[in-house]
Amino acid sequence: MNTPDTAGFRLARYTKADQQEILGTGEDPFGVAETGLAWLPKEDHFGIRHDGRLVAHAGLRRLPVTVDGSDLTEVIGVGGVAVAPDVRGRGLARRVIATALAHATTLGPPHALLFCRPPLAPLYERLGWQAIPPETPVRVEQPGDRVITMPLRTMVTPLHEGARWPEGPLRLRSLPM
């Protein structure tokens with residue numbers, strides 16, 4: 001089997017058809033439907049192709065947050081990370097996330113943030129992400145002026161030298177990405 005071209009690149013657009021090209025047409029491609037969460041679309045998209053087929057994706061979105069009641073600040077949300085099942089285990093998640101984070105460093109905020117299912121946390125930890133401790137509240141907005149505790153793992157990584165994530169409860173001042 002050929003090795004995918006591991007050079008990540010910025011996508012001009014990312015559609016439902018692109019997502020299906022990577023993950024198929026299943027009802028719950030990211031395994032998070034049971035959370036009942038409403039999500040924001042990503043603004044910037046990055047991918048990897050192999051033999052003309054899109055096989056990996058990561059998206060970015062600038063998000064407003066407060067930590068421990070601090071002044072409003074921003075993070076770069078990373079989401080929609082996907083690797084086609086037939087090419088997993090080849091470092092493509094690492095590569096597409098690295099491509100997205102290289103762009104994120106140009107956007108200004110000092111940190112990137114993502115939400116993931118608990119079984120995926122070790123993968124992100126290997127890529128340098130740190131989990132927000134489970135006992136630290138992470139609250140996100142949802143439709144109908146609801147604010148709920150995020151049921152997924154929350155992870156952060158610095159985007160700039162010397163950036164330190166502050167301790168305390170996190171509040172995403174929008175829907176999650």
Side-chain angles (χ1 to χ4, degrees), residues 14 16 18-20 22-46 56-83 85 88 93-94 96-98 100-101 103-105 107-160 162-177:
Y14 183 71
K16 185 73 169 172
D18 294 325
Q19 178 185 307
Q20 290 174 343
I22 298 169
L23 294 174
T25 58
E27 289 291 316
D28 186 13
F30 294 100
V32 297
E34 70 187 23
T35 66
L37 292 169
W39 300 89
L40 288 172
K42 288 25 147 210
E43 296 169 327
D44 297 302
H45 302 276
F46 302 85
H57 170 266
L60 302 178
R61 183 176 187 108
R62 186 182 296 261
L63 299 168
V65 298
T66 55
V67 179
D68 199 23
S70 66
D71 290 339
L72 190 66
T73 190
E74 289 184 319
V75 295
I76 300 299
V78 176
V81 177
V83 175
R88 289 182 183 158
R94 177 191 50 77
V96 77
I97 291 168
L101 291 180
H103 178 74
T105 64
L107 300 176
H111 292 91
L113 176 141
L114 63 77
F115 302 111
C116 68
R117 292 181 294 112
L120 294 175
L123 164 70
Y124 289 107
E125 287 171 350
R126 286 191 302 275
L127 299 178
W129 293 75
Q130 291 186 318
I132 300 284
E135 65 275 6
T136 300
V138 176
R139 310 271 291 158
V140 301
E141 294 181 4
Q142 287 293 281
D145 294 326
R146 294 182 308 133
V147 178
I148 66 162
T149 299
M150 172 52 75
L152 301 171
R153 291 300 308 263
T154 304
M155 305 191 79
V156 295
T157 194
L159 294 173
H160 304 288
R164 301 278 183 260
W165 184 259
E167 291 185 21
L170 170 64
R171 168 85 188 272
L172 183 60
R173 299 292 175 158
S174 71
L175 295 176
M177 69 298 146

J.: Can you tell me how far CG of Leu60 sits from CG of Leu101, rounded to the nearest 0.5 angstrom?
T.: 7.0 Å
J.: Could you check whether any side-chain heavy atom of Val78 comes within less than 4.5 Å of a side-chain heavy atom of Leu113, counting everything from C-beta outward?
T.: no
J.: Any sub-3.5 Å donor-acceptor pair from Arg62's side-chain atoms to Leu107's backbone N or O?
T.: yes
J.: Take atom CZ of Arg94 as the centre, draw a 6.0 Å sphere, and report whether it contains more than 12 heavy atoms from other residues, nucleotides or ligands.
T.: no
J.: Hey, what do you get for CE (Met155) to CG (Leu152), rounding to the nearest 0.5 Å?
T.: 12.0 Å
J.: Nearest 0.5 Å please: distance from the CZ atom of Arg173 over to the CD atom of Glu74.
T.: 13.5 Å
J.: Using a 4.5 Å cut-off on heavy atoms from C-beta on, say whether the side chain of Thr149 contacts that of Val138.
T.: no
J.: Does the side chain of Pro176 come within less than 4.5 Å of Gln142's, by heavy atoms?
T.: yes
J.: Tell me whether Gln130 at atom CD has more than 12 heavy atoms from other residues, nucleotides or ligands lying less than 6.0 Å away.
T.: no
J.: Do the non-hydrogen side-chain atoms of Leu120 and Phe30 ever get within less than 4.5 Å of each other?
T.: no
J.: Holding to side chain to side chain contact (heavy atoms under 4.5 Å, CB included), I want the full list of residues that pass it with Pro166, two or more places apart in sequence or in another chain.
T.: Val67
J.: Can you spot which of Lys16, Gln20, Gln19 makes a side-chain contact (heavy atoms from CB on, under 4.5 Å) with Thr25?
T.: Gln20
J.: Under a 4.5 Å cut-off applied to non-hydrogen side-chain atoms, are Leu63 and Leu172 in contact?
T.: yes
J.: Nearest 0.5 Å, what's the OG1-CD distance between Thr136 and Glu167?
T.: 7.5 Å
J.: Treating Asp28 as the side-chain partner and Val32 as the backbone partner, does any N or O pair qualify as donor plus acceptor under 3.5 Å?
T.: yes
J.: Could you tell me whether the side chain of Met150 reaches within less than 4.5 Å of the side chain of Leu37, counting heavy atoms only?
T.: yes
J.: How many angstroms lie between CH2 in Trp129 and OG1 in Thr157, if you round to the nearest 0.5 Å?
T.: 5.5 Å
J.: Is it the case that atom CD in Glu135 sees more than 12 heavy atoms from other parts of the structure closer than 6.0 Å?
T.: yes
J.: Less than 4.5 Å apart, side chain to side chain, heavy atoms only: is that true for His160 and His111?
T.: no
J.: List the residues meeting ring-ring contact (aromatic ring centres under 6.0 Å, His included) with Phe46, not counting sequence neighbours, and say none if there are none.
T.: His103
J.: When rounded to the nearest 0.5 angstrom, what is the spacing between CG in Leu175 and CZ in Arg146?
T.: 10.0 Å
J.: Can you name the residues that form a ring-ring contact (aromatic ring centres under 6.0 Å, His included) with His45, not counting sequence neighbours?
T.: Tyr14, His57
J.: For a quick test of reading the model, state the closest non-hydrogen atom pair linking Ser174 to Leu40 and the distance between them.
T.: OG-CD1, 3.8 Å
J.: Apply the test side-chain contact (heavy atoms from CB on, under 4.5 Å) to residues Leu170 and Thr154: give CA-CA distance (whole Å), side-chain angles for both, the deciding distance (0.1 Å), then the verdict.
T.: CA-CA 10 Å; Leu170 170 64; Thr154 304; 3.9 Å; yes
J.: Under 3.5 Å, is there a donor on one side chain and an acceptor on the other for Arg171 and Thr66?
T.: no
J.: Nearest heavy-atom pair of Arg153 and Pro118: which atoms, and what distance?
T.: CG-CA, 3.7 Å
J.: Does a side-chain heavy-atom distance below 4.5 Å link Val156 with Val75?
T.: no
J.: Measure across Ile76 and Ala104 and return the closest heavy-atom pair with its distance rounded to 0.1 Å.
T.: CG2-CB, 3.9 Å
J.: Determine the minimum heavy-atom distance between Pro109 and Leu159, stating which atoms define it.
T.: O-CD1, 3.4 Å
J.: Tell me, with the steps shown, if Val83 and Ile22 meet side-chain contact (heavy atoms from CB on, under 4.5 Å).
T.: CA-CA 6 Å; Val83 175; Ile22 298 169; 5.6 Å; no
